[in-house]
2 protein chains.
Amino acid sequence: MNDRPPTQITQIRQALTNQIDSGLLAPGMKLPSERELCELFDTTRITLKDALLALEAEGLIYREERRGWFVAYPRLNYNPLYRTYFQRMVTLQKRQVETKVVATGQVVATPVLCKDMELAPLTRLYQICRLRYIDGRAVSYVEHFLKPERFPNILERDLSKSLTQTYEQFYDLHFSRSRFEIYPSAARGEVAQRLNVTAGSPILMITRVNYDQRGMLVDCDHEYWRHDAVRISVDSQAEQPWGNEDQA
Amino acid sequence: MNDRPPTQITQIRQALTNQIDSGLLAPGMKLPSERELCELFDTTRITLKDALLALEAEGLIYREERRGWFVAYPRLNYNPLYRTYFQRMVTLQKRQVETKVVATGQVVATPVLCKDMELAPLTRLYQICRLRYIDGRAVSYVEHFLKPERFPNILERDLSKSLTQTYEQFYDLHFSRSRFEIYPSAARGEVAQRLNVTAGSPILMITRVNYDQRGMLVDCDHEYWRHDAVRISVDSQAEQPWGNEDQA
DNA sequence: TAGTGGTCTAGACCACCCA
DNA sequence: GGGTGGTCTAGACCACTAC
């Protein structure tokens, strides 16, 4: 059933997919400009763009605002239960990682935060906004929300280093439990700018709430990931960072 | 910085977002046709469509092929570690659930399946394809791949019922462990048709591998979710279906 | 059969990036 | 300053849905 002749969009998608799969177009390489591709496939920019958008949705290509289209990198495997040592996790996959602090300060918790963190209305929180780069590309924008009483003077520390490590070293804090939620959404405003994507681009949203060794809720993260940069990977039987399994 | 006047796309998006947030446009309601909206916002279909696509990416609206645009329903909360009793999980959230068997048969494992399921090349597997409906809407297309030796004659059973229950009842099988991966992708071919979405629409892909009470790998699922229909929700300390926590 | 979205044409101007 | 993608115009035909 439904054996229509392939649309132009499909044909263009196929052609580019083949080039990428064959390795002729390697990760990070820039595609020809939209206008050149139009000529190549003898079509208009609108049609061509529909094809590029479909490939973007699949995660095969990505764009940088007004710079062009590029072949996507392999996804990073990410287990959100291991907030611990994010940087080590990346390094183990032989990828380069960098963290930049974008902003820090105090905010009044939003209603959503109050609910997620079980706070009284109008509670103040520390906020730390960071940008994560993998292989030189901004792949996730992260907002951390911390209970201030648990982290005195933390905003004066070097926050470009591992937060987990800072927690352990200066606040005697080890995670005992995490819960997280994941859902697809779209980039808007600041997130879009920071990740260098067009407003409305698909992103993967991860929110996480963390508890310390006494079971106290200590902080919450909002992570905005480029949708093509990550693969969530969880094993119910994997060794947990807080060691409820034997060490190998 | 960057205080451009809002684009038409942004304005249309805002206007529709407000209508939806205020509840004037309720879940399931059909939007006016694209041509009507064009007149309403005094613009062309291309521009209007860009705005609708952005809202679709956010998960606020969805479309059905050539039927129109609709206001999205709340997301289903889904914990992939609880493959157990999917139907009960949905019912607990006061949503209607239905499962339809689309196809069954035997297939030769693809290379990807061989790797995920640790199979020798060219191994045969049972395949069960099902479609899941929530509140009457097709929200996920699921392919189950079963090791045949573990499930004799299962294809002759009623597969529209809970697979978990069938496993327990007829094959003395209880899950002891699951691992899963999640990543955003795009719908193509059969998946797009089954879920009634345009080829290239964003979807959320979940693959899961399951082990029985003896730790043996028994089956694997490929789940294709409408990206706006689901929110993944995992708690490292939650009670597991196989009971490594006290029962409440 | 009327109306819908899906696809497609052939242009245009603009903001921004880079050399 | 030349090239890029982002936005936008004003149409058209077609396949499919709902009636």
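Using a 4.0 Å cut-off between a side-chain N of Lys or Arg and a carboxylate O of Asp or Glu, A/Arg208 and A/Asp116 do not qualify as a salt bridge.
Side-chain contact of A/Glu65 with A/Thr198: a donor-acceptor pair under 3.5 Å is present, judged by distance alone.
Looking at heavy-atom distances under 4.0 Å, B/Arg63 makes contact with sugar-phosphate atoms alone, never a base. Residue contacts shown for B/Thr44 include a base, since a base heavy atom lies under 4.0 Å away. Among the protein residues, A/Glu64 comes within range of no part of the nucleic acid, since none of its heavy atoms lies under 4.0 Å from any strand.
In this structure, CD1 of A/Ile12 is placed 12 Å from P of C/dT7, rounded to the nearest angstrom. Atom CG in B/Leu48 sits roughly 17 Å away from atom C1' in D/dG6 (whole-Å rounding). We find that CG of A/Asn196 is positioned 13 Å from C1' of D/dT4, with the value rounded to whole Å. Distance B/Ile46 CD1 to C/dA12 P: 16 Å, rounded to the nearest Å. Between the CG atom of A/Leu53 and the P atom of C/dG6 there is a distance of 14 Å, rounded to whole Å. Remark: C1' of C/dG5 and CG of B/Leu52 are 11 Å apart, rounded to the nearest angstrom. As a whole-Å value, the separation of A/Lys30 NZ from C/dC18 P is 11 Å. Following rounding to the nearest Å, B/Glu39 (CD) and D/dT9 (C1') show an atom-to-atom distance of 16 Å.
Legend: residues meeting salt bridge (charged side-chain N to carboxylate O under 4.0 Å, His left out) with A/Arg95, ordered by chain and number and at least two apart, are A/Asp135. For A/Arg45, the salt bridge (charged side-chain N to carboxylate O under 4.0 Å, His left out) partners two or more places apart in sequence, or in a different chain, are A/Glu34.
Using a 4.0 Å cut-off, some side-chain N or O of B/Lys49 falls inside it from OP1 or OP2 of C/dG6. Within the structure, every side-chain polar atom (N or O) of A/Gln8 is placed at least 4.0 Å from both OP1 and OP2 of C/dG6. Between A/Thr43 and C/dT9, a side-chain N or O to OP1/OP2 separation shorter than 4.0 Å is present. Look at A/Thr198 and you won't find any side-chain N or O under 4.0 angstrom from OP1 or OP2 of D/dG5.
For the pair B/Arg63 and B/Phe70, the cation-pi test (distance below 6.0 Å, angle within 45°) is failed.
Comparing B/Pro32 and A/Arg67, the nucleotide of DNA chain C nearest to each residue sits closer to the 5' end for B/Pro32.
Comparing atom distances between the A/Arg66 side chain and each of C/dG5, C/dT7, D/dG6 picks out D/dG6 as nearest.
Residue side chain B/Arg45 reaches the base of C/dG6 through a donor-acceptor N/O pair under 3.5 Å, judged by distance alone. Under 3.5 Å, the side chain of B/Arg35 and the base of C/dG3 form no donor-acceptor pair of N or O atoms.
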